[in-house]
Amino acid sequence: MRDRITSFRKTGMKKEKPLIQHPTDPLSTQAELPVPQPLFDDRSMNLSEKEIIDLFEKMMEDMNLNEERKAPLRGKDLSTKREMVVQYISATAKSN
């Protein structure tokens with residue numbers, strides 16, 4: 001029995017692993033990464049309170065939320081709503 005186990009081990013050791021080459025130039029790898037976009041750009045900071053609330057309501061409609069789900073979201077403060085609207089706008093812009 002022991003001879004069979006060692007024979008498996010010997011045949012498995014003869015296999016060579018393929019060589020994986022990694023790029024060594026750090027600038028080439030950085031160029032491939034997407035540049036992160038700021039969460040708040042100029043347009044989002046210039047939105048009025050009414051625009052934010054209108055976009056927030058449209059966002060909730062697009063999400064098909066019922067009134068039960070909308071109620072606690074409506075109670076959030078304006079800065080939280082602004083963040084959610086900015087994320088919504090950037091997500092819809094990417095999908096178009």
Side-chain angles (χ1 to χ4, degrees):
M1 184 71 169
R2 182 171 265 187
D3 291 336
R4 290 178 68 188
I5 293 173
T6 54
S7 67
F8 288 138
R9 209 178 299 153
K10 288 178 185 175
T11 58
M13 293 176 78
K14 292 181 183 176
K15 294 182 182 177
E16 291 184 25
K17 294 181 180 178
L19 179 64
I20 301 172
Q21 292 186 349
H22 298 282
T24 56
D25 184 14
L27 294 177
S28 67
T29 56
Q30 283 182 342
E32 295 170 7
L33 297 175
V35 177
Q37 298 296 319
L39 185 60
F40 293 107
D41 60 3
D42 293 336
R43 290 170 291 160
S44 65
M45 292 307 284
N46 292 334
L47 292 173
S48 70
E49 184 175 342
K50 183 185 181 328
E51 290 172 320
I52 291 171
I53 292 171
D54 290 344
L55 285 167
F56 191 74
E57 288 295 325
K58 183 181 180 335
M59 176 191 74
M60 290 192 296
E61 282 179 34
D62 288 351
M63 294 170 67
N64 294 323
L65 297 178
N66 61 20
E67 287 301 316
E68 255 179 44
R69 302 271 183 182
K70 290 179 185 179
L73 293 173
R74 287 184 178 124
K76 300 281 185 187
D77 62 304
L78 189 64
S79 63
T80 303
K81 288 180 182 178
R82 182 186 303 270
E83 285 180 36
M84 293 172 74
V85 165
V86 169
Q87 289 176 0
Y88 167 72
I89 291 170
S90 67
T92 54
K94 289 178 185 175
S95 66
N96 291 336

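Remember, it's a predicted structure, so these values are computed and weren't measured experimentally.
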Roughly how far apart are [X] [atom1] and [Y] [atom2], rounded to 0.5 Å?
X	Y	atom1	atom2	value
Lys70	Glu68	NZ	CD	12.5 Å
Lys81	Met59	NZ	CE	9.5 Å
Lys50	Leu55	NZ	CG	10.0 Å
Asp77	Glu83	CG	CD	8.5 Å
Ile89	Met84	CD1	CE	12.5 Å

Is it true that Glu57 and Arg74 make a salt bridge, defined as a side-chain N closer than 4.0 Å to a carboxylate O?
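The answer is yes: the pair qualifies as a salt bridge.
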
Under 4.0 Å between a side-chain nitrogen and a carboxylate oxygen: does that hold for Asp62 and Lys58?
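Result for this pair is yes, salt bridge flagged.
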
Are Ile53 and Met63 connected in the hydrophobic side-chain network, where two residues link if heavy atoms are under 4.5 Å apart?
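Unlinked, Ile53 and Met63 end up in two clusters.
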
Can you give me the closest heavy-atom contact between Leu47 and Arg82, atom names plus distance?
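Residues Leu47 and Arg82, closest heavy atoms: O-NH1, 3.6 Å.
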
